[in-house]
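Following: one structure in structure tokens, then a few remarks.
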2 protein chains.
Amino acid sequence: MLNLQTICLGLLCFGPKSGYELHKTINTDLKHFQTASFGALYPALGKLEAKKLITSDGKNNSIQASSLPKKVYTITANGRTVFKVQIQKTRAEEKLTSDFLAAFYFAEHLPAEKIAALIDGQLAKLQDEYRELISAPLSRMPEGKRFGIRYTIAINRAATAFLKGEGSTIQATLRRSSKKWSTT
Amino acid sequence: MLNLQTICLGLLCFGPKSGYELHKTINTDLKHFQTASFGALYPALGKLEAKKLITSDGKNNSIQASSLPKKVYTITANGRTVFKVQIQKTRAEEKLTSDFLAAFYFAEHLPAEKIAALIDGQLAKLQDEYRELISAPLSRMPEGKRFGIRYTIAINRAATAFLKGEGSTIQATLRRSSKKWSTT
DNA sequence: AATAACATGTAAACGGTTACATGATTCG
DNA sequence: CGAATCATGTAACCGTTTACATGTTATT
């Protein structure tokens with residue numbers, strides 16, 4: 001699996017960026033397939049720097065050490081090589097961890113209201129994601145990125161359609177069977 | 001997020017099981033939204049036992065300590081209560097980590113053959129998943145589990161359709177732009 | 001007798017989250 | 001002047017993977 005270090009190298013191939021900017025990019029543009037917290041990001045950048053795959057123009061050297069805390073990272077020639085090797089090795093892998101599906105697997109233990117709330121919650125998440133996806137400037141993007149967004153939109157639409165179509169059916173069915181264990 | 005301990009409690013609600021059986025169930029029946037290795041599972045079961053949420057009939061007590069190594073776990077009354085509380089708290093959350101989508105985000109660094117291989121790989125994975133999903137005995141399942149499987153099938157179909165439909169388009173487009181950096 | 005599948009467990013390392021701690025800059 | 005946002009980093013903890021270590025049972 002592609003780790004955060006490799007993702008950072010890849011993003012830095014597009015141009016120099018600070019840790020803060022990388023964080024923002026990952027958690028907005030890459031949100032649908034990757035996230036990263038600061039606590040994960042800064043150590044990852046530190047390791048990349050130690051390996052000389054990136055360099056930073058930290059203001060830690062000369063006189064005005066205090067002024068700007070911003071530290072911009074640039075990928076090295078070696079970093080680009082390492083990234084290319086990593087990305088070439090990448091296989092089509094994905095891993096989904098879903099509390100939504102897990103909850104349904106154990107739906108017998110849930111009251112009908114909770115089932116309804118889960119479906120509503122999932123629909124809301126899908127809608128939020130959808131809004132973000134369609135607002136991406138597709139026309140000014142390389143073909144690969146565009147493809148990823150369209151793929152994600154296709155899945156999002158199918159999920160939404162399913163929940164809108166079958167959501168009410170399941171709610172009715174489960175409401176019937178939920179009479180057994182009255183809300184304790 | 002639901003952790004492995006909670007998943008185990010939920011599965012043990014259906015009846016007593018050994019660690020090995022739990023491993024099997026998780027990595028087949030729950031595969032599309034959760035996985036677990038032995039190295040994660042056994043410590044999780046140990047913690048649950050320490051908390052008295054499950055008990056084991058380990059053969060570690062009397063005379064024939066050697067014979068059957070199999071250790072069957074049973075959920076306690078307290079365990080059921082804790083599980084119900086956990087599952088009620090569950091929100092519709094999901095987290096996808098996708099090397100497939102990440103690779104496309106960085107597609108500029110990939111040769112056309114690799115792009116084709118990624119799409120083929122993803123289609124193969126989807127097909128494998130699909131085969132497993134449709135072979136599930138839907139008729140003998142509680143409504144909730146069935147719903148989860150049908151939801152996953154709906155998404156799987158949309159993904160497959162997209163890749164079959166647009167896969168060749170992207171390959172052609174990227175092949176054009178890939179002339180720049182001839183395979184080093 | 002060999003092999004596959006069943007079965008349990010530990011230890012090191014990894015990758016990540018959450019919470020904490022601090023401070024600068026910009027905008028209203 | 002206060003709030004939001006920009007900005008960097010650490011430490012404790014969590015859950016998991018990978019590799020290791022061991023042994024049994026069933027099948028061929």
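Each chain gets a letter, A, B and so on, in the order the sequences are listed, and its residues count up from 1.
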Legend entry - Separation of atom NZ in K17(A) from atom C1' in dA7(D), rounded to whole Å: 16 Å
Legend entry - Whole angstrom value for the distance that separates C1' of dA7(C) from OH of Y73(B): 11 Å
Legend entry - For atom CE of M1(A) and atom P of dA13(C), their distance in whole Å: 24 Å
Legend entry - E49(B)/S56(B) under side-chain hydrogen bond (donor to acceptor under 3.5 Å, both in side chains): CA gap, chis, key distance, verdict: CA-CA 8 Å; E49(B) 203 174 5; S56(B) 69; 2.6 Å; yes
Inset, instruction - Write down the atom of G19(A), the atom of L41(A), and the distance for their closest heavy-atom approach. - result: O-CD2, 3.2 Å
Inset, instruction - Indicate, with yes or no, if the rings of F33(A) and F100(B) have centres closer together than 6.0 Å. - result: no
Inset, instruction - Give a yes/no on whether any side-chain N or O of K95(B) is located under 4.0 angstrom from OP1 or OP2 of dG16(C). - result: no
Legend entry - Shared hydrophobic cluster for L96(B) and I7(A) (ILVMFWY, side-chain gaps under 4.5 Å): yes
Legend entry - Euclidean distance, atom NE2 of residue H23(A) to atom P of dG9(D) [Å, nearest integer]: 14 Å
Inset, instruction - Can you measure from CG (L133(A)) to CG (L138(A)) and round to the nearest 0.5 angstrom? - result: 9.0 Å
Inset, instruction - Assign the ring pair F106(B) / F14(A) to parallel, tilted or perpendicular, where the plane angle (0 to 90°) is split at 30° and 60°. - result: parallel
Inset, instruction - For DNA chain D, find the residues of residues 36-48 of chain B with a heavy-atom distance under 4.0 Å and give them by number; none if there aren't any. - result: S37(B), G39(B), A40(B)
Inset, instruction - Return the value, rounded to whole Å, for the distance between atom CD of E93(B) and atom P of dT17(C). - result: 13 Å
Inset, instruction - Flag this pair as yes if the NZ/CZ of K114(B) is under 6.0 angstrom from the six-membered ring centre of F104(B) and inside a 45 degree cone about the axis; otherwise no. - result: no
Inset, instruction - Measure the CD-CG distance between Q34(A) and L2(A) for me, rounded to the nearest 0.5 Å. - result: 7.5 Å
Would you tabulate the nitrogen or oxygen pairs shorter than 3.5 Å linking the protein to nucleotides 3-6 of chain D?
from: dC6(D); atom 1: OP2; to: Y20(A); atom 2: OH; distance (Å): 3.0

Legend entry - Whole-Å gap separating P (dT8(C)) and CD (E49(B)): 12 Å
Inset, instruction - Answer yes when R131(A) and D128(A) have at least one side-chain N-carboxylate O distance shorter than 4.0 Å, and no when they do not. - result: yes
Legend entry - K71(A) NZ - dG23(C) P separation (whole Å): 17 Å
Legend entry - Interatomic distance where CG belongs to L22(B) and P belongs to dA7(C) [whole Å]: 12 Å
